[in-house]
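Reading through the structure tokens given below for one structure.
Just so you know, these numbers come straight off a predicted model, no measurement behind them.
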Amino acid sequence: MGRPTGRTAPTLESVAERAGVSRATAGRVLAGATTVGEQAREAVLRAAAELSYVTNRAARSLMTRRSDSIAFVAAESEGRFFDDPYFSLILRGAHAAVAERDVQLVFSVLAGDEARNRFERFARGGHLDGVIIASLHGDDPLPRRLLEAGIPVVLSGRPHTPVPGLSYVDADNVGGARSAVELLVRRGRSRLATITGPLDMIAAIDRRDGFCAELAKHGLSGHGAEDGDFSVVGGRAAMHRLLAESPDIDGIFVANDLMALGALQAIAESGGTVPDDIALVSFDDTPLAAAAHPALTTVRQPIVAMGTALGNLLMDAVEGGEAPDPVIMDTEVVVRETT
């Protein structure tokens, strides 16, 4: 029986020959090296596309000692992760950034000690080149433990305590909260309260601190603060508590859009209207904000762009071996129907 005929699979040698470069140069380009001249790089990539050459990731991993995979993990319950559109938006940005560098992204929700231990074993087993961690509570030891194992880590949000080698991407939470209060004051509101997120999270602390700082600037005292745990149900319950304690509230800063939806429900259930009785400003500007009724005035943080920055910072750390400088992104108030 003769050998089957058919198209021979392209090899690295055939790519190099078509591109007019050495096998070593072609290999470096296809392994993602950035030290090859632009003309040679373009020639190799064009030849690989024309020949339908697919890099053997297993072989490449042996050469580069990299897995070409990174993880995006959220230290939250599954319900919180899948209910809050913030996570899908930041994940979208991170995925786009690492895909540009031909790297796979996996994600995991670390809802308890068992999940955390399983993930740490996976990461230490050489399956990941780096990790993005979102939604940390308190002084979580996970980033430090991963760094000690030689795994680059970038945080979504500033850590409670600085850790050598740990970079992060964050929004200007203090400034955003201050701009929310400034708008409420310009709207003539003076009896202001706030619904915070969990105060074991830096984002929630910073937004509360910004609220308080801007009140002080205008010579105002707060009319209450309640934790709404960043959820719709929590925001509704917190708003009911605030109205019971201070029924004369005329303005409210809510630390995320989900809680603001709950606050709207509570105000309506209490017989109030927004913005006539109570003006409301929230934080995030997820798609829920524009879809709400009334549509939410909110502090926009560039969530997808923050995800992109997370992916790029982590890949820079993976490729360069050093932690990049943190990135703080600006916020802006988007005025809609609740003010």
Side-chain angles (χ1 to χ4, degrees), residues 84-86 89 157-158 170-199 201-232 234-236 238-239 242-243 246 248-267 272-292 294-303 306 328-339:
D84 192 337
Y86 169 86
L89 293 170
R158 182 167 59 87
D170 206 356
D172 179 9
N173 290 300
V174 172
R178 295 192 69 146
S179 65
V181 174
E182 195 271 337
L183 174 61
L184 290 168
V185 172
R186 279 196 284 116
R187 292 289 195 263
R189 309 305 167 109
S190 59
R191 299 183 300 277
L192 306 183
T194 185
I195 299 176
T196 74
L199 293 178
M201 300 183 72
I202 284 292
I205 293 170
D206 284 350
R207 292 172 197 178
R208 179 205 59 188
D209 290 351
F211 170 83
C212 294
E214 193 66 15
L215 281 182
K217 174 184 172 183
H218 293 280
L220 300 173
S221 57
H223 281 245
E226 292 285 343
D227 175 7
D229 76 9
F230 280 150
S231 73
V232 175
R236 178 173 172 270
M239 191 72 230
L242 287 169
L243 290 170
S246 302
D248 61 342
I249 291 169
D250 64 4
I252 181 81
F253 168 58
V254 187
N256 82 338
D257 292 341
L258 279 180
M259 294 191 299
L261 297 180
L264 289 178
Q265 294 172 5
I267 293 168
T273 60
V274 176
D276 294 341
D277 297 316
I278 301 177
L280 181 150
V281 182
S282 63
F283 203 109
D284 279 344
D285 197 31
T286 61
L288 295 173
L296 299 176
T297 293
T298 187
V299 177
R300 174 182 292 162
Q301 57 175 334
I303 304 173
M306 291 166 67
I328 307 295
M329 294 197 167
D330 291 334
T331 60
E332 62 175 319
V333 178
V334 180
V335 177
R336 296 194 180 97
E337 298 171 352
T338 58
T339 52

Taken to the nearest 0.5 Å, the spacing of Cys212 SG from Leu220 CG works out to 11.5 Å

Separation between CZ (Arg189) and CD1 (Ile249), nearest 0.5 Å, reads 12.5 Å

- Query: Within the side chain of Glu332, is there an N or O that forms a donor-acceptor pair under 3.5 Å with the backbone of Arg300?
  - Reply: no

Check: Ignoring hydrogens and geometry, is there a side-chain-to-backbone donor-acceptor pair from Thr286 to Tyr86 under 3.5 Å?
Finding: no

Do the side chain of Arg207 and the main chain of Ala255 share a donor and acceptor less than 3.5 angstrom apart? yes

- Item | Side chain to side chain, Thr339 and Val333, heavy atoms closer than 4.5 Å | no

Arg191 meets the salt bridge (charged side-chain N to carboxylate O under 4.0 Å, His left out) criterion, sequence neighbours left out, with Asp248, Asp250

Taking every heavy atom of Pro198 against every heavy atom of Phe230, the minimum-distance pair comes out as CD-CD1, 3.4 Å

Heavy atoms of Ala180 and Val281 approach each other most closely as CB-CG1, 3.6 Å

Between Ala260 and Leu296, the two heavy atoms sitting closest are CB-CD1, 3.9 Å

- Check: His218 and Leu192 side chains under 4.5 Å, non-hydrogen atoms: no

Test side-chain hydrogen bond (donor to acceptor under 3.5 Å, both in side chains), reference Arg158, set Asp206, Asn173, Asp170, output is Asp206

Looking only at heavy atoms, the pair that brings Ala295 and Ala290 closest together is CB-O, 3.7 Å

Contact check, side chains of Ile252 and Leu242, non-hydrogen atoms, under 4.5 Å:
yes

Do Ser231 side-chain atoms and Gly234 backbone N/O form a donor-acceptor pair below 3.5 Å? yes

Rounded to the nearest 0.5 angstrom, the CD1-CG distance for Ile267 and Leu264 is 6.0 Å

Any donor-acceptor N/O pair, Thr297 side chain to Arg336 backbone, under 3.5 Å: yes

query: Are the side chain of Ser282 and the backbone N or O of Val254 linked by a donor-acceptor pair below 3.5 Å?
result: no

Smallest heavy-atom separation, Val299 atom then Ser179 atom, equals CG2-OG, 4.2 Å

Heavy-atom closest pair (Met329 atom, Pro302 atom, distance to 0.1 Å) is SD-CG, 3.7 Å

Check your understanding: Within a strict 4.5 Å, meaning less than it, do heavy atoms of the Pro85 and Asp284 side chains meet?
Key -> no

d(Gln301 CD, Asp172 CG) to nearest 0.5 Å is 10.5 Å

Salt bridge (charged side-chain N to carboxylate O under 4.0 Å, His left out) filter on Asp257, not counting sequence neighbours, yields none

| said: Parallel, tilted or perpendicular: which one describes the rings of Phe211 and Phe253, with boundaries at 30° and 60°? | reply: parallel

Value for CG (Leu215) from CD (Glu182), rounded to nearest 0.5 Å, stands at 12.0 Å

Q. Would you say Arg187 and Leu184 make side-chain contact, with heavy atoms under 4.5 Å?
A. no

So CE of Met239 and CD of Gln265: to nearest 0.5 Å the spacing works out to 12.5 Å

In Ile195, Thr338, Thr298, the residue satisfying side-chain contact (heavy atoms from CB on, under 4.5 Å) with Leu280 is Thr338

Answer yes or no: does atom CG of Asp330 have more than 12 heavy-atom neighbours from other residues, nucleotides or ligands under 6.0 Å? no

